[in-house]
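The figures here come from the full heavy-atom set of this structure, side chains too, leaving out hydrogens, waters and symmetry mates.
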Amino acid sequence: MSTTALPPAVDVAVCQVALVVGDPDGNLARGRVAAEEAARRGARIVVLPELLRSGYVFASAQEARDLAEPADGPTAAAFTDLARRHDLVVAVGFAELDADGSLRNSALLLDRSGIRTVYRKVHLWDAEKDVFVPGDDLPEVVATPWGRLALAVCYDLGFVEWMRLIGLAGADLVCAPTNWPGAPRGPHERPLEVVHVQAAASANRMFVAACDRTGSERGVTWVGGSAVVGPDGRPLVEAPAGAGEHVLLARCRLGRAREKSTSARNGVHADRRPELYAGLLTR
C-alpha cells in the first residue's frame, strides 16, 4: 500500500480524570480542563472517560435519570465549543436520556461541526443492567482528516466478535471511553482490561484509544489504565500504575490500520474462515 495516500500523523490524547457521581458541573469542568491541556500539547483527537458528567456509581436508577441528558445536552455543548476553538475531534461518554425516555450509557463523537455520531453501549456491565437499556447498533465509522474513527464503551472492548465487526467496518481508530473498576493484580501485572485493548487492536490491526478514570467513588476504585495501543497490539502510551489524573498523548499515523497483513502470506481479515463460524450465531 502506498503511504502517500494515507492521512497525516495526529496526536491522540486520553484524558484520565477523577470524577464524582452527582457533581455534573465539576465533572464537566475537570474534563474540559484536561481536554484543554491535551489541545495545548498538540492533540487533535481527544478521548475522555465513560459517563463523564454524571459519574458512575449510582445509588438508584432514579439518580441516574436525574443526572442524564439528551445527546445534544450540556456535554455536547461544552465539547463542541472546545472542538471549535481548538479544531479537535472529541470522544466522550455520557448518561443519555434518549428520545423515547430510555436511559443509555452512550458516547459522543464531536468535532467543530458538532455531533458526528452517538453510540449506545451494547454490552452492559453488572449493575448497569439495572439502570440502562443496551444499544442495538454497530458504531458508525466516521471519516475525519486524520482517519476513520469509531466508538466503543468499556465492556464492549472484551467482546472479540464486536471488535471484529468494528474492524471489518473499516475503523482506523476505536475511541473507547471507559470506567474500569479496580481488581487485585500482581505488582508487575498489566490490567486485564488493557490486555483486552491490546488483543482487539492486534486482532484487527487497528488503533484503540481507551480512556479510563481514576480516584474512588462510593467505595469503588478504578484501574486508571488509560492507553493508546497501536495496530501491532503494543501500547504507544499508557498510564503508569497509580498515576492518578493524567493526560497522555501518542503520535499515530492512523492510515497504518488499513494494512492488515501480518506476513507476506497472511492478513488478519483475509485469513478468516467465516463459513466455519456459524456456531457463533447458533450456540
Side-chain angles (χ1 to χ4, degrees), residues 7-8 10-15 17 19 24-54 67-122 132-133 135-154 156 166 169-178 207-211 247 249 252 254:
V10 62
D11 287 330
V12 177
V14 286
C15 298
V17 294
L19 306 172
D25 293 340
N27 291 338
L28 198 57
R30 282 183 280 274
R32 284 175 58 93
V33 167
E36 292 269 11
E37 178 185 338
R40 285 196 302 272
R41 290 168 55 187
R44 287 297 171 264
I45 300 173
V46 175
V47 187
L48 292 134
E50 179 181 9
L51 296 173
L52 175 82
R53 183 171 173 267
S54 64
L67 292 165
E69 59 185 291
D72 60 355
T75 297
F79 287 105
T80 297
D81 173 69
L82 190 143
R84 286 172 179 157
R85 288 189 290 107
H86 297 287
D87 193 19
L88 299 178
V89 178
V90 180
V92 56
F94 73 112
E96 181 188 8
L97 186 63
D98 75 9
D100 68 5
S102 296
L103 287 179
R104 309 277 190 169
N105 185 339
S106 298
L108 291 164
L109 191 73
L110 310 118
D111 64 14
R112 62 185 306 124
S113 68
I115 297 172
R116 296 294 305 275
T117 191
V118 183
Y119 169 70
R120 281 97 187 192
K121 186 176 182 179
V122 166
F132 297 112
V133 175
D136 294 313
D137 297 320
L138 189 71
E140 181 182 4
V141 176
V142 175
T144 77
W146 300 285
R148 302 183 296 227
L149 276 55
L151 295 167
V153 178
C154 201
D156 289 327
I166 296 171
D172 299 325
L173 169 66
V174 178
C175 299
T178 74
F207 293 83
V208 182
C211 185
V247 175
L249 274 71
C252 302
L254 299 182

- Task: Decide, yes or no, whether a salt bridge links Asp136 with Arg120 under the criterion of side-chain N to carboxylate O below 4.0 Å.
- Result: no

- Task: Answer yes when Arg112 and Asp87 have at least one side-chain N-carboxylate O distance shorter than 4.0 Å, and no when they do not.
- Result: yes

If we only count heavy atoms from C-beta on, is the [X] to [Y] side-chain gap below 4.5 Å?
{"X": "Leu28", "Y": "Phe79", "value": "yes"}
{"X": "Leu82", "Y": "Arg85", "value": "yes"}
{"X": "Pro24", "Y": "Asn27", "value": "no"}
{"X": "Ser54", "Y": "Phe94", "value": "no"}
{"X": "Leu67", "Y": "Arg53", "value": "no"}
{"X": "Glu69", "Y": "Thr75", "value": "yes"}
{"X": "Leu173", "Y": "Ile45", "value": "yes"}
{"X": "Thr117", "Y": "Pro139", "value": "no"}

Given 3.5 Å as the limit, does a donor-acceptor pair link the side chain of [X] with the main chain of [Y], or not?
{"X": "Thr178", "Y": "Cys211", "result": "yes"}
{"X": "Ser102", "Y": "Asp98", "result": "no"}
{"X": "Arg41", "Y": "Val247", "result": "yes"}
{"X": "Arg32", "Y": "Ala78", "result": "yes"}
{"X": "Asp11", "Y": "Ala43", "result": "no"}

- Query: Which is it for Val14 and Leu48 under the side chain to side chain contact (heavy atoms under 4.5 Å, CB included) test, yes or no, and what are the steps along the way?
  - Reply: CA-CA 6 Å; Val14 286; Leu48 292 134; over 6 Å; no

What's the shortest heavy-atom distance between [X] and [Y], and which atoms?
{"X": "Leu19", "Y": "Glu50", "result": "CD1-O, 4.3 Å"}
{"X": "Val17", "Y": "Pro49", "result": "CG2-CG, 4.0 Å"}
{"X": "Val92", "Y": "Pro177", "result": "C-CG, 4.1 Å"}
{"X": "Cys154", "Y": "Lys121", "result": "CB-NZ, 3.7 Å"}
{"X": "Val46", "Y": "Ala38", "result": "CG2-CB, 4.1 Å"}
{"X": "Thr80", "Y": "Asp111", "result": "CG2-O, 4.1 Å"}

- Which is it for Asn105 and Val153 under the side chain to side chain contact (heavy atoms under 4.5 Å, CB included) test, yes or no, and what are the steps along the way? CA-CA 8 Å; Asn105 185 339; Val153 178; 3.9 Å; yes

For the atom pair [atom1] ([X]) and [atom2] ([Y]), what is the distance rounded to the nearest 0.5 Å?
{"X": "Leu249", "Y": "Cys15", "atom1": "CG", "atom2": "SG", "answer": "8.0 Å"}
{"X": "Ile115", "Y": "Leu109", "atom1": "CD1", "atom2": "CG", "answer": "10.5 Å"}
{"X": "Leu149", "Y": "Leu151", "atom1": "CG", "atom2": "CG", "answer": "8.0 Å"}
{"X": "Phe207", "Y": "Leu254", "atom1": "CZ", "atom2": "CG", "answer": "5.5 Å"}
{"X": "Glu96", "Y": "Phe132", "atom1": "CD", "atom2": "CZ", "answer": "10.0 Å"}
{"X": "Cys252", "Y": "Arg44", "atom1": "SG", "atom2": "CZ", "answer": "14.5 Å"}

- Query: Going through the distances and angles, do Arg40 and His86 end up as a side chain to side chain contact (heavy atoms under 4.5 Å, CB included)?
  - Reply: CA-CA 9 Å; Arg40 285 196 302 272; His86 297 287; 5.5 Å; no

- Item | Donor-acceptor side-chain pairing of Asp137 and Tyr119 below 3.5 angstrom | no

- Apply side chain to side chain contact (heavy atoms under 4.5 Å, CB included) to the pair Arg148 and Val142, showing each step before the final yes or no. CA-CA 5 Å; Arg148 302 183 296 227; Val142 175; over 6 Å; no

